[in-house]
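Below is one structure; the comments refer to it alone.
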Amino acid sequence: AVASVRRAVDLAQPFFLYLSLYGPHAESVTDPPAAIPAARHLGAFDGTFIPRDPDFNENDVSDKHALIRERTLLNDASFLDAFYRSRLESMLSIEEAIRRLRAELVALGVDDETYVFFISDNGILLGHHRVRFSKGFPYERSAHVPFYVSGPGIAPGATSDALVSILDFAPTVLDLAGAPIPDHYEGRSLAPLLRGEDVPWRETLLLEGWRPDSEPYYRALVTAGGVKYIEYPVSSEAEIYDLRIDPYELVSRVGLVGTDAWSRLRARLDSLATCTGAACCAVDGRAAPRVDALAGRVSGDAVPGGSLSVGWDAIGVEGDLEVALLAEGVREVLGRAPVVAGEAEITVPQALAGDTVRVELRAADGLAAWTGAPLAIAATPVEASFRAFPNPTVGRLRLSLNVERRQRVRIDVFDTLGRWMVRLYNEPVEDNARIRLDFDLRDLPAGAYVVRARGRLFSFDRVISIVD
């Protein structure tokens, strides 16, 4: 590769160099597989293990394709850790090759006029979703690959979240070289993105795969908003994920998607799979099919001043969710939370004692909403009483707390700026608990403090003073 660059520069000719390095592929078909690093790199990653991310040896695969469901949990992943280490070690030679080539470009004085692309043709699953070793599934581990570019007009460190495909590589090279892009190419030139231009871009991206000996034939699309829809035509199975909420693809939210949304997804996938040539850019550039679905769940104490835990599953919903209570035609927003949070806590207003309410979740754009079942709020609040008896001159504090409902009680001390100082109590209590406590606060500097007692159903603040 270095010699080829030298010859091209000596002849003052433009050049295109494609360098494909074998690592970190396995060198043999032995079981377990292993890459073969250079001898100088052996042991460089001793003690390194595959990160045990949530999708590694996934516990519940009941929502996935039959070829995943039939796999058992890995009882011993040590062979995968060894394979992982050998792959990392073999990558060190690739890094050396890249550094040597870049150094040659600098030495020849052409580094600032040469584009360098680093890309892979596929990722790999190593124990992820229970797959021991494979690249033929539609999950992010195998379908999402690195893509780095440097060259004239590219800002160092710049990134883009645009949907990019390996199909974009050839038209990009031709465009940067000033050559025409053939009409039968289905990819797009990345040149505008590399220059940091804000240009219309694709909203959906096609994925396809088929290795009939061991992996399923699939077609899939990914939207710019992070929705991934996968279908397996042979078995008529389907999966759908929201990669912003579920980046490890643990829960297929098939049950959330309505009939109309399925129809829109299938129609767009058919169009992506059957288009040819430049017409594909018109197809993938259209607005992504709308897939916004929301389902909630509510738990907690439906009492005035009580805390309700509101959770949700969502797909295709962007931004924040409003959490509101509906009562007799009145809608009161009690909180907002990012969709990715998956849950929020709200406090039942005292004014709703004796009312029947519904919890409502609504997306910021108003397109997705969910309303829960009627919820009766208790007619009288559950109360607790709290008294603080400070003895400021000796720095002691006596507390009296009466709690009517079983819950966990926490008592903390804060300064007047809201900074936490010390926790005094953190224990579960039973119904009708009577708590009497005595604390020594002489380690705290003289000044005013807030003693805060909190439970699931109450919150009290009391101001105390400590003097020298």
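Heads up: numbering here begins at 1 and tracks the sequence.
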Ignoring hydrogens and angles, tell me if any N or O in the side chain of Arg358 forms a donor-acceptor pair with the backbone of Thr371 under 3.5 Å.
->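 No, the answer is negative, given that no donor and acceptor are paired below the 3.5 Å cut-off.
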
I'd like to know if the side chain of [X] pairs up with that of [Y] as donor and acceptor (distance under 3.5 Å, no hydrogens or angles considered).
X	Y	result
Glu140	His128	no
Tyr139	Glu239	yes
Arg130	Asn57	no
Tyr248	Glu58	no

Please lay out, stage by stage, how His65 and Glu70 fare under the test side-chain hydrogen bond (donor to acceptor under 3.5 Å, both in side chains).
-> CA-CA 9 Å; His65 187 274; Glu70 68 187 15; over 6 Å; no

[atom2] on [Y] to [atom1] on [X], rounded to 0.5 Å:
X	Y	atom1	atom2	result
Glu89	Leu42	CD	CG	6.0 Å
Trp201	Leu190	CH2	CG	5.0 Å
Leu163	Thr223	CG	OG1	7.5 Å

Within 45° of the six-membered ring axis of Tyr229 and under 6.0 Å from that ring's centre, is NZ or CZ of Arg264 located there?
->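 Not satisfied by the 6.0 Å and 45° rule.
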
Decide whether a cation-pi geometry holds between Arg87 and Phe83; the criteria are a distance under 6.0 Å from NZ or CZ to the six-membered ring centre and an angle within 45° of the ring axis.
->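 Arg87 over Phe83 ring: yes.
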
Could you check if a side-chain atom of [X] sits within less than 4.5 angstrom of a side-chain atom of [Y], using non-hydrogen atoms only?
X	Y	answer
Ile411	Val451	yes
Asp313	Arg297	yes
Tyr115	Pro152	yes
Leu424	Arg410	no

Ring centers of Tyr449, Phe414 separated by less than 6.0 Å =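 Not under 6.0 Å, so no.
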
Step through it carefully: locate the ring centre of Phe169, locate the ring centre of Phe117, and say whether they are under 6.0 Å apart.
->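 Between Phe117 and Phe169, which both carry aromatic rings, the centre distance is below 6.0 Å.
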
Any chance CZ of Arg419 has more than 12 other-residue heavy atoms, nucleotides or ligands included, within less than 6.0 Å?
->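 No.
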
Identified salt bridge (Lys or Arg N to Asp or Glu O under 4.0 Å) partner of Arg253 from the options Asp63, Asp246, Asp242 |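 Result: among Asp63, Asp246, Asp242, Asp246 is the only option passing the salt bridge (Lys or Arg N to Asp or Glu O under 4.0 Å) with Arg253.
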
